[in-house]
Amino acid sequence: MGNTKSGALSKEILEELQLNTKFTQEELCTWYQSFLKECPSGRISKKQFESIYSKFFPDADPKAYAQHVFRSFDANNDGTLDFKEYMIALHMTSSGKANQKLEWAFCLYDVDGNGTINKKEVLEIITAIFKMINAEDQKHLPEDENTPEKRTNKIWVYFGKKDDGKSHFT
């Protein structure tokens, strides 16, 4: 990553992020300084990420979903997000190209990382999403998707999969 002692972002990381995101050098340097203020170690732990997510969903339980999102952003699987992973994730989810967003969504749903998505994995993600919807709002969902199981079945049918089928997106 950058040299956290001086607070400077390495030239290599800066150039790579400029090539792979919409952010300018000035924006990246500003983001980096803010990132270091919040995460002096230069890394966001899974627990910190869950805490950040919980602030966006104060009346729900976003922990399970936050863990899946974190996993999908942790490109090197080291259990933390460094600045580069953080900025690529921010870019990809906010203004990335459609294919980048689809690749990220696939990684999110491919819970075991084997390159396929099965119905159990879809149910796991949908259940995590439902935990972020308060009970009152869940009451207003359409009858055919008002539980994680129903919503998963609807998605699975939409993609034309049988119960034991797997989705491969390449």
Side-chain angles (χ1 to χ4, degrees), residues 1 16-17 20-22 31 35 38-39 41-170:
M1 197 165 88
E16 186 176 347
L17 287 172
N20 294 304
T21 70
K22 67 176 179 84
W31 274 101
F35 183 84
E38 292 297 318
C39 306
S41 70
R43 299 186 168 282
I44 298 174
S45 70
K46 188 185 291 188
K47 194 166 202 69
Q48 286 172 302
F49 190 80
E50 290 170 14
S51 176
I52 292 166
Y53 235 82
S54 68
K55 292 175 185 168
F56 291 104
F57 300 94
D59 300 324
D61 179 11
K63 184 178 180 178
Y65 188 73
Q67 290 173 347
H68 288 295
V69 172
F70 184 90
R71 173 190 40 80
S72 72
F73 290 161
D74 184 11
N76 63 2
N77 296 312
D78 69 352
T80 64
L81 298 181
D82 63 21
F83 181 71
K84 180 178 154 186
E85 290 169 318
Y86 178 75
M87 290 307 296
I88 288 174
L90 182 65
H91 166 74
M92 187 175 30
T93 57
S94 65
S95 58
K97 295 177 182 172
N99 67 325
Q100 291 173 312
K101 291 178 181 180
L102 285 171
E103 286 176 22
W104 171 73
F106 183 87
C107 288
L108 179 70
Y109 280 85
D110 183 15
V111 175
D112 64 10
N114 71 352
T116 64
I117 299 172
N118 62 42
K119 192 173 182 181
K120 181 181 171 205
E121 290 171 313
V122 173
L123 178 59
E124 186 171 334
I125 300 299
I126 298 299
T127 299
I129 292 169
F130 263 71
K131 289 180 179 178
M132 296 189 310
I133 305 170
N134 70 46
E136 190 57 37
D137 289 341
Q138 286 185 30
K139 291 177 187 176
H140 301 290
L141 292 173
E143 177 63 31
D144 65 339
E145 55 185 66
N146 63 2
T147 69
E149 294 78 11
K150 288 179 182 179
R151 182 67 180 144
T152 298
N153 286 334
K154 188 173 182 178
I155 291 168
W156 209 246
V157 168
Y158 177 81
F159 284 108
K161 299 296 173 188
K162 296 181 180 173
D163 282 346
D164 61 347
K166 292 184 177 183
S167 293
H168 302 264
F169 297 98
T170 56

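A pairwise comparison of heavy atoms in Phe70 and Thr80 identifies CZ-CA, 3.6 Å as the closest pair. Closest non-hydrogen pair, Glu85 versus Leu81, comes out as OE1-CA, 3.2 Å. Closest heavy-atom contact between His68 and Ile125: CG-CD1, 3.4 Å. Heavy-atom minimum distance, Trp104 versus Met92: CB-SD, 3.6 Å. Taking all atoms of both residues into account, the shortest heavy-atom contact from Trp156 to Ile117 is CH2-O, 3.4 Å. Considering every non-hydrogen atom in both Arg71 and Asp110, the closest pair reads NH1-O, 3.7 Å.
Taking CG from Asn99 and NZ from Lys101, the interatomic distance works out to 10.5 Å, rounded to the nearest 0.5 Å. A distance of 7.0 Å separates CD of Glu38 from CD1 of Ile52, quoted to the nearest 0.5 Å. The line from CD1 of Ile133 to NE2 of His140 is 12.0 Å long, rounded to the nearest 0.5 Å. A distance of 11.5 Å separates CD in Glu124 from OH in Tyr109, rounded to the nearest 0.5 Å. Distance check: Leu108 CG to Ile129 CD1 gives 7.0 Å after rounding to the nearest 0.5 Å. The structure places OG1 of Thr147 at 11.5 Å from NZ of Lys154, a figure rounded to the nearest 0.5 Å.
Glu121 contributes a side-chain N or O that, together with a main-chain N or O of Val111, makes up a donor-acceptor pair within less than 3.5 Å. Judged by distance alone, with hydrogens and angles left aside, the side-chain atoms of Asp74 form a donor-acceptor pair with the main-chain N or O of Gly79 at under 3.5 Å. Judged by distance alone, the side chain of His91 and the main-chain N or O of Lys22 form a donor-acceptor pair under 3.5 Å. Distance alone, capped at 3.5 Å, is enough to place a donor-acceptor pair between the Gln48 side chain and the Ser45 backbone.
When the shell of 6.0 Å around NZ of Lys120 is examined, it contains 12 or fewer heavy atoms from other residues, nucleotides or ligands. In this structure, Lys47 places its NZ atom where only 12 or fewer heavy-atom neighbours from other residues, nucleotides or ligands lie under 6.0 Å away. Enclosure of atom NZ in Lys150 by more than 12 non-hydrogen atoms of other residues, nucleotides or ligands within 6.0 angstrom is indicated.
A salt bridge links Glu136 with Lys139: at least one charged nitrogen is closer than 4.0 Å to a carboxylate oxygen.
The aromatic rings of Phe57 and Tyr53 lie parallel to each other, their planes meeting at an angle below 30°, with 60° marking the opposite boundary. Ring planes of Phe35 and Phe83: perpendicular class, angle over 60° (limits at 30 and 60°).
Inter-residue side-chain proximity for Lys119 and Asn153 is flagged as met; some heavy-atom pair is nearer than 4.5 Å. Counting heavy atoms from C-beta on, the side chains of Asp78 and Arg43 come closer than 4.5 Å. Looking at Gln138 and Phe130, their side chains come closer than 4.5 Å, going by heavy atoms from C-beta outward.
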